[in-house]
Amino acid sequence: MFRKQSTNCRSVTILKIVNQIPRGKIATYGGIAKVCGLINQARIVGYVLNRLPTGTDVPWYRVINTKGKISFEKNTTEYKQQKKLLEKEGIVFKDGRVDRCRYDWLRSEKFT
DNA sequence: AATTTGACCAGTA
DNA sequence: CTACTGGCCAAAT
């Protein structure tokens, strides 16, 4: 069942945004935070994603850090899992980094 | 109650 | 490019 995720309204907003990330696109922790009106609070985003239940419908794997990389260590299972899911959606990794054009959807649309 | 930790970031040097 | 700093704040200890 659902563990109590957070009674906090911020996490609800964050999850809402993450759910809106288009397939094959990428968002950054800071970008999500900004859209939620939370400047310099990217850690909250990471924290919320961290405690998502396994098998959630939330596309957590489409969220990466500002360097364009996955925020897990390279040899971890989590890293491989996320990379696999992203590649499945057509994301191309170059030297452990995601192609820039993949995470510009926050900039261009209504969130500018 | 106080301190530490963490899937982070922007600025500066 | 890398390295370090200060900031932010919910959970865990």
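Numbers restart at 1 for each chain; the letters A, B, ... are given by sequence-line order, proteins then strands.
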- Message: Judged by each residue's nearest nucleotide on DNA chain B, which is more toward the 5′ side, A:K67 or A:Y47?
- Response: A:Y47
- Message: From CD of A:E78 over to P of B:dG6, roughly how many Å is that when rounded to an integer?
- Response: 14 Å
- Message: If I take atom CZ in residue A:F72 and atom P in nucleotide B:dC8, what distance separates them, rounded to the nearest angstrom?
- Response: 8 Å
- Residue A:Q82, side-chain heavy atoms: nucleotide from B:dA7, C:dA11, B:dA10 that is nearest: B:dA7
- N-O pairing of A:R62 and A:E89 below 4.0 Å: yes
- Task: Tell me whether the OP1 or OP2 atom of B:dC8 has a side-chain N or O from A:S71 closer than 4.0 Å.
- Result: yes
- Write down the distance between CD1 (A:I44) and P (C:dA12), rounded to a whole number of angstrom. 13 Å
- Would you tell me if any nitrogen or oxygen in the side chain of A:S11 comes within less than 4.0 Å of OP1 or OP2 on C:dA10? no
- To the nearest Å, give me how far apart NZ (A:K74) and C1' (B:dA7) are. 17 Å
- Task: Figure out the CD1/P separation between A:I14 and C:dA11, and round it to whole Å.
- Result: 11 Å
- Item | Listed nucleotide nearest any side-chain atom of A:Q41, set C:dC1, B:dC9, C:dC8 | C:dC8
- Please tell me which of A:N65 and A:R43 maps to the more 5' nucleotide of DNA chain B, matching each residue to the nucleotide holding its nearest heavy atom. A:R43
- Message: In this structure, how many angstroms lie between the P atom of B:dA10 and the OH atom of A:Y29, rounded?
- Response: 14 Å
- So what does A:N50 touch, heavy atoms closer than 4.0 Å: a base, only the sugar-phosphate, or nothing? base
- Between A:D95 and A:R97, is there a donor-acceptor pair closer than 3.5 Å when you use the side chain of the first and the backbone of the second? no
- Message: Minimum heavy-atom separation for A:K69 and A:G96, please, with both atom names.
- Response: CG-O, 3.4 Å
- Between A:I70 (CD1) and B:dC8 (P), how many Å, whole number? 12 Å
- A:N40 CG to C:dC8 P, straight-line distance once rounded to whole Å: 8 Å
- So, the side chain of A:E87 versus the backbone of A:Q82: is there a donor-acceptor pair under 3.5 Å, distance only? no
- Are A:Y47 and A:V12 grouped together when hydrophobic residues (ILVMFWY) are joined by side-chain heavy atoms under 4.5 angstrom apart? no
- Message: Could you tell me how far B:dA7 sits from C:dG6 if I compare only their P atoms? Round to whole Å.
- Response: 22 Å
